Amino acid sequence: MSAAGDRLQDTARKAALALPGVSHGRPFTPGLDVYKVADKVFLIVTAGPDEQIITVKCEPEHARALERGYASITPGRYLDKRHWISLGPGQGITKQLINDAVEHSYDLVVGGLPQSERPPRAPGASAPTPRVHRRPHAPRPLFREVRRGPYRSGRSGHGTPVRARNSTPLITLR
């Protein structure tokens, strides 16, 4: 049990509890402290002495940069590896980095909440960054195009062969 791991977990817990509207519990297992805002998880702290890590939400580009810069930052354990990172004790992991990671995770979750569910901010605190949709959706057409008649290949829309001409005469003789 390293002192660095204890400090990592304690720093993350203190940073999370200092934020407005945070609830704390152990909904999954007794070994995981889960911190939520408006019933959305933003921080998971392992409570066991053998695994001393914290897991926070992070933007994918920022997460990959942190993983390249620090050996003890890895993709989030048991979660979506693109949007979550795990921080373990190691070289370069400072209190400031832990506080920034926890606050950034909190801001990402709060930014994705509707205005009515967001916790009240402390006076002088900066507004959380709103969730940015990276891929704009193409506008849907008002009407779906319906192809009628035979295709150029001589097959219908269902793939059955189509006769070139109708054999029924236009005028019937008696």
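Fair warning: this is a prediction, and the values are worked out from it, not measured in the lab.
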Can you see which heavy atom on V56 is nearest to which on S105, and at what distance? CB-CB, 3.8 Å

N/O donor-acceptor pair under 3.5 Å between K57 side chain and W84 backbone: no

Y35, I44: one ILVMFWY side-chain cluster at the under-4.5 Å cut-off? no

Once salt bridge (charged side-chain N to carboxylate O under 4.0 Å, His left out) is applied, do any residues pair with E117, and if so which ones, sequence neighbours excluded? none

Do any side-chain atoms of residues 89-98 form donor-acceptor pairs under 3.5 angstrom with protein atoms, and if so which ones, sequence neighbours left out?
from: T94; atom 1: OG1; to: L97; atom 2: N; distance (Å): 3.1
from: Q96; atom 1: NE2; to: D100; atom 2: OD1; distance (Å): 2.8
from: Q96; atom 1: NE2; to: D100; atom 2: OD2; distance (Å): 3.3

Residues, nucleotides or ligands: over 12 heavy atoms within 6.0 Å of D80 CG: yes

Side chain to side chain, V41 and L79, heavy atoms closer than 4.5 Å: no

In chain order, what residues pass the ring pair (Phe, Tyr, Trp, His ring centres under 6.0 Å) check against H62, with sequence neighbours excluded? H104

Among L8, I54, V34, which one satisfies side chain to side chain contact (heavy atoms under 4.5 Å, CB included) with V45? I54

Measure across K40 and L113 and return the closest heavy-atom pair with its distance rounded to 0.1 Å. CG-CD2, 3.9 Å

Does a side-chain heavy-atom distance below 4.5 Å link V102 with F42? yes

Would you find a donor on one side and an acceptor on the other, under 3.5 Å apart, between the side chain of S86 and the backbone of T74? no

Looking only at heavy atoms, the pair that brings G111 and R118 closest together is O-NH2, 3.0 Å

D10 bridged to R13 by N-O distance under 4.0 Å: yes

Does a side-chain heavy-atom distance below 4.5 Å link Y106 with P119? yes

Heavy-atom closest pair, residues Q52 and T46: CA-OG1, 3.7 Å

N/O donor-acceptor pair under 3.5 Å between Y70 side chain and G88 backbone: no

Can you confirm whether R26 sits close enough to L32 that some side-chain heavy atom of one is under 4.5 Å from a side-chain heavy atom of the other? no

NZ on K36 to CG on L43, rounded to 0.5 Å: 12.5 Å

Determine whether more than 12 heavy atoms belonging to other residues, nucleotides or ligands lie under 6.0 Å from atom NZ of K81. yes

Could you tell me if the side chain of P60 sits less than 4.5 Å from the side chain of H83, heavy atoms only? yes

Given the rule that I, L, V, M, F, W and Y join up when any side-chain heavy atoms are under 4.5 Å apart, are F28 and V37 in one cluster? no

